[in-house]
Amino acid sequence: MSFENVAPLFCFLGILIVVLSIAVPLLVKTIKYGGFKAALFDAYIQDTIGEVLVRSAKMHTTSIRISKLDGNTPDKAVGIEIFTTGLSTRTLLFALSAEKASRLAALLEAAAAKSDNKV
């Protein structure tokens with residue numbers, strides 16, 4: 001058997017190993033946490049607190065969804081999901097500790113209070 005005959009097989013096996021090394025852990029987390037989004041948070045989603053429509057245009061909408069997480073670590077108490085839907089869908093997920101979520105809430109409150117004073 002020459003190298004030319006074996007090279008495509010090694011190339012296929014290499015690609016298969018790379019794909020499986022990414023897909024299998026994600027599949028395990030999806031099963032463990034009960035959903036794909038929870039797997040990406042790496043925590044259970046206990047409850048969806050609320051959603052805010054940030055922007056709506058003709059072709060797409062952007063929203064922010066806040067969830068209570070049941071993470072294994074204190075760094076995963078609150079989940080923030082920013083998603084845009086339209087011709088394509090984009091999602092950004094952030095897991096925050098309770099302390100960081102409180103700090104973010106305080107910053108948003110301060111910004112809203114300053115913008116209210118200008119009106």
Side-chain angles (χ1 to χ4, degrees):
M1 201 180 246
S2 67
F3 180 73
E4 290 82 21
N5 295 338
V6 180
L9 177 64
F10 283 133
C11 183
F12 172 75
L13 289 176
I15 292 171
L16 183 65
I17 289 170
V18 169
V19 169
L20 289 177
S21 67
I22 294 169
V24 170
L26 187 57
L27 180 63
V28 169
K29 283 183 180 184
T30 301
I31 293 168
K32 175 182 177 183
Y33 292 118
F36 183 68
K37 190 172 23 168
L40 294 178
F41 275 127
D42 200 21
Y44 294 101
I45 299 174
Q46 282 190 332
D47 190 19
T48 298
I49 305 302
E51 184 175 316
V52 176
L53 179 66
V54 177
R55 182 175 144 177
S56 181
K58 290 182 181 178
M59 297 298 283
H60 69 278
T61 60
T62 302
S63 298
I64 299 174
R65 185 179 295 146
I66 307 297
S67 301
K68 182 181 182 321
L69 302 179
D70 183 17
N72 298 331
T73 64
D75 291 342
K76 296 177 181 166
V78 176
I80 299 176
E81 177 185 1
I82 302 171
F83 58 96
T84 302
T85 58
L87 295 176
S88 64
T89 301
R90 291 178 53 189
T91 302
L92 294 171
L93 300 173
F94 302 96
L96 301 175
S97 66
E99 178 184 332
K100 288 181 181 178
S102 295
R103 176 78 176 129
L104 177 60
L107 291 171
L108 290 170
E109 284 279 338
K114 286 185 179 185
S115 67
D116 283 344
N117 293 337
K118 290 182 181 180
V119 174

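Keep in mind that the numbers below use all heavy atoms, side chains included, and drop hydrogens, waters and symmetry copies. Source: prediction; values computed, not measured.
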Exercise. How long is the gap from OG1 on T91 to CZ on F36, to the nearest 0.5 Å?
Worked result: 9.0 Å
Exercise. Members other than F94 in its cluster, when Ile, Leu, Val, Met, Phe, Trp, Tyr link by side-chain heavy atoms under 4.5 Å?
Worked result: I49, V54, I64, I66, V78, I80, I82, L92, L96, L104, L108
Problem set entry | Nearest heavy-atom neighbours spanning A77 and A98 | CB-N, 3.7 Å
Tell me which donor-acceptor pairs under 3.5 Å the side chains of residues 10-28 have, and how far apart each pair is, sequence neighbours excluded?
residue	atom	partner	partner atom	Å
S21	OG	I17	O	3.3
S21	OG	V18	O	2.7

Seminar exercise, completed: Taken to the nearest 0.5 Å, the spacing of D75 CG from S97 OG works out to 6.0 Å
For this session: Only pairs at least two apart or in different chains count here, so list each side-chain hydrogen bond (donor to acceptor under 3.5 Å, both in side chains) that has a residue in residues 34-45.
Result: Y33-D42, K37-E81, D42-K76
For this session: Please name the pair of heavy atoms, one in I45 and one in S67, separated by the smallest distance, quoted to 0.1 Å.
Result: CG2-CB, 4.0 Å
Problem set entry | Point-to-point distance, once rounded to the nearest 0.5 Å, from CZ of F41 to CG of L93 | 4.5 Å
Problem set entry | Pair listing, salt bridge (charged side-chain N to carboxylate O under 4.0 Å, His left out) test, anchored in residues 98-109, at least two apart | none
For this session: Only pairs at least two apart or in different chains count here, so list each side-chain hydrogen bond (donor to acceptor under 3.5 Å, both in side chains) that has a residue in residues 47-59.
Result: E51-R65
Problem set entry | Inter- and intrachain pairs under salt bridge (charged side-chain N to carboxylate O under 4.0 Å, His left out), touching residues 6-22, at least two apart | none
Exercise. Residues two or more places apart in sequence or in another chain: which of them pass side-chain hydrogen bond (donor to acceptor under 3.5 Å, both in side chains) with T84?
Worked result: T62
Exercise. Which residues pass the side-chain hydrogen bond (donor to acceptor under 3.5 Å, both in side chains) test with T85, sequence neighbours left out?
Worked result: T61
Seminar exercise, completed: Note: with side-chain heavy atoms under 4.5 Å as the link, the other cluster members for M59 come out as L87
